[in-house]
Structures are given as structure tokens and as C-alpha cells.
There are 2 protein chains.
Amino acid sequence: MTSSPSGTPHGAPRAASGPSRAARGDLFDPACPTRRLLDRIGTKWTSMAVKVLAEAEPEEVRFAELQRRMPGISQKMLSATLQALHRDGLVSRRVEPTVPPRVHYRLTPLGLSLEVPLALLRTWAEEHMPEIDRAQRREEAARTPE
Amino acid sequence: MTSSPSGTPHGAPRAASGPSRAARGDLFDPACPTRRLLDRIGTKWTSMAVKVLAEAEPEEVRFAELQRRMPGISQKMLSATLQALHRDGLVSRRVEPTVPPRVHYRLTPLGLSLEVPLALLRTWAEEHMPEIDRAQRREEAARTPE
DNA sequence: CGGTATCCCCCATGATACTG
DNA sequence: CAGTATCATGGGGGATACCG
């Protein structure tokens, strides 16, 4: 996604006391929380992983089980997605020191709290994507009357 | 973002009567509404554009004005972002046939409805990104004790 | 003014293979 | 089982220049 080189924001934090730049919109802050969040959940498998883990609550889910519940994902991407979520404190990781090892994943309270706005976004998507599709077809039809 | 080549979903529609694939999770549908939505609002400037337009409501906003309110965006990306939003039926476009032309943008009712879940996501981001940052620093510290 | 057209870089993702 | 390593790609996005 957006990546990070020369990132740009919006909805920056209201810290800085001086109303100087806050006055003109204060959107220069390179660390806009919303953009950063979207950079994470916007990644291909992240929102799906959160959903699957949320549905499993309060059970933990193992790596292979996650992969089965996320059809199409490769080991590499599942691993990368889970690492990112874990780094961000959204997912906990528990390793059973057996051999072969068993690794269990679960949403943290923080991850669970993210599920709330994410679920609303899903609801909106399921309710309105058909409208977007119709709009696209109308546009295409309007641009291709040749 | 994710793009589309060999896309994969989650939260697919519940149409198909046959419980065949719905049974094992029905996540093969290449048109998961949530992923598709995130592919759109996840792009760098889209959510910011929606926010700026929402804040301007019920006023329209002109191209140059939008650019001023989205510091850092180039003409190219602003144009591309607005085109995408317009194609999707989230933004309306009105051209004054003057010379030079004046183009006005505004959220459609659909775009405005998207603002709701988006605003909640922003709220979550502003409230919890600091926690994520702390989690990251803890992780880094834990991995660099050498 | 409000765009398009070009050139270029980078990173997310996929495919495949290997390992503790 | 649960990953990591490597290679290849494609499209998002920045910079710059030109246009009706």
C-alpha cells in the first residue's frame, strides 16, 4: 500500500499548543494516525485476519488453522501479516514448546477494539458496494458511447 | 494498493444457494466487498479527500481549493483520486463552462454515508495509534537486547 | 484553471523452495 | 508445523513538463 517514503497525513493529532499550523489545517504532520492505520488494515490480508481471529474469539487459532480459514493466502503472507499485527500489539502469540512447535494467535484487547469500527466498515461495504458497482458501470457506459 | 491481479476476498456475499463452498468458508469469491472497499479508501489520499469534502459540506469544493486543503498532494494524484471517487459514485463533479473552467466537487449521498464508518475509524486511530506505537517500541526493544 | 503525459522508483504480493 | 529465503512483477505514487 501507500508504503512510507515521503508519507503524508490528515487528521493529525491535536498536540502542539501553537495554533500556528493547526490553524491552516495542520495536515503536514507526517504521522497522521488515520493514514497510518489505513496503511496497516489496508494491506491485503490484514482485515481478513482480524475478522477470522475475531470470529474465533475467545479461542486462540493456530497458524495452519488460520491459513485454512484464509483461503488463498500463502505461508509467507500469513506469516508477514501476523508479524505485523503482533508488532502493532493487535495480536498475541503463544508458542507451545513442543516439537514440532504449535503457535497460537489471538486478538489482544486492542485488536478486539479495532474490530468494532472494522465491522462497521464491513457492514457498509456489504450494503453499498453494489451501488458502487452500478455507478462504475454507468460511468463506463457514459464514457463508451462511441 | 492490493491491486487486483489474482485478488482474494473475505466476507463474501451470502448469495449462492448451494452450501457447498459456503460451507467451507466461501472465501474464494474474488469480489469480497470489504477488500474492495479497503482497496479504495486505503489508497494514500482517498480517505483524506473524503474527509475534506465532508468537512466542506454542504459546500462544493474546487480542484485548486482541494489541493490547498490536502497539503503535499500533486495535481496528478488529486486528479486520480477524484476520478476514482467519481467513478465509484462517491463524489459528484460539476463543471462551470467558463474559460478557464471551474470544476466543483462534492460528496454524493453515498459518499456522505461512507463518511460515517470512516469517521469512526479515524476516531479509533486517533485514540489508539499511540498504543500501537508503544507496542512497536516494546517489540523493538525486546528484539534488540543484544 | 484543471488537468494529462512521461519517466522512474519502490514495496506489497505471489510462487517456489528450503529449514529448525 | 511454522516458518524464512529468494526471485519476479505490477501498480501506487512522486517529480516534472506540457496542454485546451
Side-chain angles (χ1 to χ4, degrees), chain A residues 1-10 30 35-36 38-49 60-87 91 93-106 143, chain B residues 1-10 28 30 32 35-36 38-49 60-87 91 93-106 143:
Chain A
M1 152 180 351
T2 297
S3 76
S4 16
S6 77
T8 317
H10 84 271
R35 258 263 43 79
R36 292 171 58 220
L38 284 171
D39 278 350
R40 288 149 202 287
I41 65 175
T43 221
K44 188 166 184 179
W45 301 98
T46 302
S47 63
M48 185 162 150
E60 298 178 311
V61 188
R62 292 179 53 186
F63 189 90
E65 178 61 22
L66 275 169
Q67 190 168 22
R68 282 197 299 101
R69 298 190 193 181
M70 298 171 66
I73 195 172
S74 64
Q75 285 191 324
K76 172 190 167 184
M77 287 315 297
L78 179 55
S79 178
T81 301
L82 290 171
Q83 278 182 40
L85 286 169
H86 184 238
R87 270 192 341 140
V91 160
R93 198 185 123 109
R94 185 172 66 85
V95 183
E96 277 189 79
T98 59
V99 32
R102 293 161 158 240
V103 185
H104 304 257
Y105 293 92
R106 186 180 169 185
R143 285 195 329 281
Chain B
M1 150 182 347
T2 298
S3 77
S4 14
S6 78
T8 317
H10 83 273
F28 289 103
C32 165
R35 258 265 43 80
R36 291 171 59 220
L38 284 171
D39 278 350
R40 288 150 202 286
I41 65 176
T43 75
K44 190 165 183 182
W45 301 98
T46 302
S47 63
M48 186 163 150
E60 299 177 311
V61 188
R62 291 180 53 187
F63 189 90
E65 178 61 22
L66 274 169
Q67 191 167 22
R68 282 198 302 100
R69 297 190 194 181
M70 298 172 65
I73 195 172
S74 64
Q75 285 192 325
K76 172 190 167 185
M77 287 317 296
L78 179 55
S79 178
T81 301
L82 290 171
Q83 279 182 39
L85 286 170
H86 184 239
R87 269 192 341 139
V91 161
R93 199 184 121 109
R94 184 172 67 84
V95 183
E96 276 189 79
T98 59
V99 32
R102 292 162 160 240
V103 186
H104 305 258
Y105 294 91
R106 185 180 171 185
R143 285 196 328 281

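Keep in mind that the numbers below use all heavy atoms, side chains included, and drop hydrogens, waters and symmetry copies.
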How long is the line joining [atom1] of [X] and [atom2] of [N], in whole Å?
X	N	atom1	atom2	result
B:E60	C:dG2	CD	C1'	16 Å
B:R93	C:dG2	CZ	P	10 Å
A:Q67	C:dA15	CD	P	12 Å
B:R40	D:dG13	CZ	C1'	18 Å
A:Q75	C:dT13	CD	P	17 Å
B:L78	D:dA15	CG	P	15 Å
B:D39	C:dA12	CG	P	14 Å
B:K44	C:dC10	NZ	P	14 Å

Verify the contact: side-chain N or O of [X] to OP1 or OP2 of [N], cut-off strictly under 4.0 Å; return yes or no.
X	N	result
A:R102	D:dA2	no
B:R62	C:dG3	no
B:S74	D:dT16	no
B:Q83	C:dT4	yes
B:T98	C:dC1	no
A:Y105	D:dC1	no
A:K76	D:dT6	no

Is the number of heavy atoms from other residues, nucleotides or ligands within 6.0 Å of CZ (A:R106) greater than 12?
yes

Where do [X] and [Y] come nearest, in terms of heavy atoms and distance?
X	Y	result
B:P71	B:M48	CD-CE, 3.9 Å
B:L78	B:L66	CD2-CB, 4.1 Å
A:R93	A:Y105	NH1-OH, 3.1 Å

Between B:M77 and B:P100, the residue closer to the 5' end of DNA chain D by nearest nucleotide is B:M77

Side chains of A:M77 and A:K44 in contact at under 4.5 Å (non-hydrogen atoms)
no

Using a cut-off of 4.0 Å on non-hydrogen atoms, how would the nucleic acid contact of B:E96 be classed: base, sugar-phosphate, or nothing?
nothing

Of all the choices, D:dA2, D:dG13, C:dG14, which nucleotide is nearest to the side chain of B:T43 once you look at every atom?
D:dG13

